[in-house]
Amino acid sequence: MKQIPYWMDTAPALPDRSGKDLADEADVVVIGGGLTGLSTAYHAARKGARVVLVEKDQVGSGASGRNGSHCNPGITISPAQARQRYGQERARELYDAFRVAVDLVEEIAVKEKIDCDFHRAGRLGLVCKPKHLEGMHAKQRDLAENFGHETVVLSKSELRAELGSDYYHGALLDPLGAALHVGKFVVGLADAAERAGAEIHERNAATGLTRLPGGGFVVETMRGTIRAKQVMAATDAYTDNSMPWFRKRLINVGSFIIVTEPLGEARAKELIPNGRLLVAHKNVGNYIRLTPDNRLAFGGRARFAPSNPASDVKSGDILKREMTEIFPQLAGVRIDYVWGGMVGFSWDRIPHAGDVNGLYYSMGYCGHGVQMATYMGRAVAEMMDGNPEANPMRGFGFPKVPVPFYNGTPWFLPFGGAYYKAKDRLL
């Protein structure tokens, strides 16, 4: 069993981008080589900026290569909550951004000829109790009437045509949900950023940041310093102590995934006949899909604990039990991959982007990072080019004062996890 992400293990090999001499200056320095940083570098370079990206490991080594490889429209909070918080107009703008984000991933894949298996598989939002199905009908009406987004509610009997399991009691089918091989997309986007003119420096962590009196920054790295007119912090859940302001405003949550041995096409189709993406509508749910080579990828929170080799194995055992509870026919299947990673959550469960004293950032994707990191990279490139209206998250900035008694280490997660698991059982 490999303890590495399936997506990066089965992507084309990354070239070695380490050990290169660092330029003395740049128009834009991007800190972080995940999808946010790569997209920012790609779009800023295409605008003619001299871009230098520094990454402490390899591109895609953080959440961008460790996720479930879902690419779905829809915000983390409910449409009704969004309207209540922000009003109809801003809620619609926010929702549209999440939808356009999926289109952008597809657009880049086509334009840059990135062979990443992108296709509109459709997403099934699964309900775990019969009484929750009415909530799906209400959400379907809300999406159609207030957001212009058509979805389909499936009863339990209708769901049998989509799922080789009787575990769930219905679903909301969103036909715009997309699947892709995120490892291949990361590799392809990094190549595209370099073709556009961006310089990528791997295994070269940013270690410090100093604002200059006349404007701009000096970025300290492991291989020297570089002066930049603008800097983009694209580190999300992997933000370290070099940027404590952001660490105190993000909750980093572990998420874990197992991937089975190849099942063969016939057996895979017995599980998910139409290849949909599956997401359980619970506070502590699972996200499930078939891989391009007919394995089952099964993810979830599993344990509210950090990701490390020992923790990942324990979480993998939990996920296998959950998988076989949903799909008993997989009881004897071998698990070929298990891994974990960190997901950046904001306290209000909405991504945040903008600038803090001239330092640009986009973070807190709350589990929607594949499409939103890509989209927000483009938005930040536009913001740095003098177009603040390109930021759909304007006005949703991180609080100026951090949450009391929180220093960036989410000590409360085990208690919160127990609470939400109990809530799933009781409600």
Side-chain angles (χ1 to χ4, degrees), residues 15 17-56 58-60 64 104 108 111-112 186 188-236 238-239 242-243 245-246 352-363 373-394 397:
R17 296 184 171 101
S18 64
K20 298 186 292 185
D21 291 335
L22 197 66
D24 294 327
E25 59 183 20
D27 296 320
V28 174
V29 168
V30 178
I31 302 173
L35 287 170
T36 305
L38 291 172
S39 180
T40 304
Y42 169 75
H43 286 100
R46 283 174 58 85
K47 285 176 164 290
R50 182 176 184 187
V51 181
V52 173
L53 182 152
V54 293
E55 160 58 43
K56 64 183 176 183
Q58 279 189 299
V59 296
S64 295
L104 178 62
I108 292 172
K111 180 187 295 183
E112 297 297 340
V186 166
L189 185 56
D191 291 343
E194 286 188 322
R195 287 195 300 271
E199 300 175 28
I200 299 176
H201 296 258
E202 294 179 326
R203 296 188 172 87
N204 185 18
T207 57
L209 193 63
T210 303
R211 291 180 178 84
L212 297 173
F217 296 82
V218 169
V219 182
E220 301 166 30
T221 80
M222 294 172 62
R223 293 187 57 83
T225 61
I226 180 170
R227 182 167 177 160
K229 295 177 183 176
Q230 296 172 308
V231 176
M232 164 59 170
T235 48
D236 198 32
Y238 291 79
T239 303
S242 67
M243 290 186 278
W245 194 92
F246 295 109
H352 291 274
D355 74 274
V356 179
N357 298 325
L359 173 62
Y360 289 89
Y361 69 92
S362 181
M363 302 183 187
T374 306
Y375 180 83
M376 292 309 301
R378 184 179 72 173
V380 171
E382 290 292 337
M383 292 158 60
M384 291 191 295
D385 198 30
N387 301 307
E389 71 283 353
N391 180 13
M393 308 303 163
R394 64 192 181 280

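Everything quoted here is computed from the prediction, not taken from an experiment. Position 1 is the first residue of the sequence, and the numbers go up from there.
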- Query: Hey, what do you get for CD (Q230) to CG (D385), rounding to the nearest 0.5 Å?
  - Reply: 8.0 Å
- Taking every heavy atom of A26 against every heavy atom of I226, the minimum-distance pair comes out as CB-CD1, 3.9 Å
- Item | Whether T235 side chain and Y238 backbone form a donor-acceptor pair below 3.5 Å | no
- With no hydrogens and no angle check, is any side-chain donor or acceptor of E202 less than 3.5 Å from a backbone partner on V59? yes
- Which distance, rounded to the nearest 0.5 Å, do you find between the CG of N204 and the CD of E55? 10.0 Å
- Query: So do L359 and F246 actually touch side chain to side chain, heavy atoms under 4.5 Å?
  - Reply: yes
- Message: As a quick check of understanding, evaluate side-chain contact (heavy atoms from CB on, under 4.5 Å) for T210 and T225, giving each step before the final call.
- Response: CA-CA 10 Å; T210 303; T225 61; over 6 Å; no
- salt bridge (charged side-chain N to carboxylate O under 4.0 Å, His left out) contacts touching residues 21-39 (sequence neighbours left out): D27-K229
- Query: Would you say T221 and V29 make side-chain contact, with heavy atoms under 4.5 Å?
  - Reply: no
- Query: Going from CG on L209 to CZ on F217, what distance comes out if it is rounded to the nearest 0.5 angstrom?
  - Reply: 5.5 Å
- Query: For V380 and Y361, which heavy atoms make the closest approach, and how far apart are they?
  - Reply: CG2-O, 4.2 Å
- Message: Let me confirm one number: the CE-CG distance from M222 to L22, rounded to the nearest 0.5 Å.
- Response: 12.0 Å
- Task: Please round to the nearest 0.5 Å and tell me the distance separating atom CE of M232 and atom CE of M383.
- Result: 8.0 Å
- Is the CZ atom of R203 crowded by more than 12 outside heavy atoms at less than 6.0 Å? yes
- Message: Run the salt bridge (Lys or Arg N to Asp or Glu O under 4.0 Å) test against R223 and tell me which residues pass, sequence neighbours left out.
- Response: none
- Check: E389 main-chain N/O paired with N387 side-chain donor or acceptor under 3.5 Å: no
- Message: If you compare all heavy atoms of A49 against all heavy atoms of V28, which two are closest, and at what distance to 0.1 Å?
- Response: CB-CG2, 4.4 Å
- Item | NZ/NE/NH1/NH2 to OD/OE distance under 4.0 Å, K47 and E382 | yes
- Which pairs pass side chain to side chain donor-acceptor pair (under 3.5 Å) with one or both residues in residues 33-44, sequence neighbours excluded? T36-Y365, S39-H43, Y42-E112
- Between A234 and V30, the two heavy atoms sitting closest are CB-CG1, 4.3 Å
- Task: Indicate the atoms forming the closest heavy-atom contact of A390 with A379, along with that distance.
- Result: O-CB, 3.6 Å
- Find the distance between CG (L35) and OG1 (T374) and round it off to the nearest 0.5 Å. 4.5 Å
- Message: For E199 and R50: C-alpha separation, side-chain torsions, deciding distance, then whether side-chain contact (heavy atoms from CB on, under 4.5 Å) applies.
- Response: CA-CA 8 Å; E199 300 175 28; R50 182 176 184 187; 3.2 Å; yes
- Below 4.5 Å, heavy atoms only, C-beta onward: do M243 and I31 meet side chain to side chain? yes
- Task: Run the salt-bridge test on E194 and R17 with the 4.0 Å N-O cut-off and return the result as yes or no.
- Result: yes
- Note on the structure: Looking only at heavy atoms, the pair that brings A198 and A45 closest together is N-CB, 3.9 Å
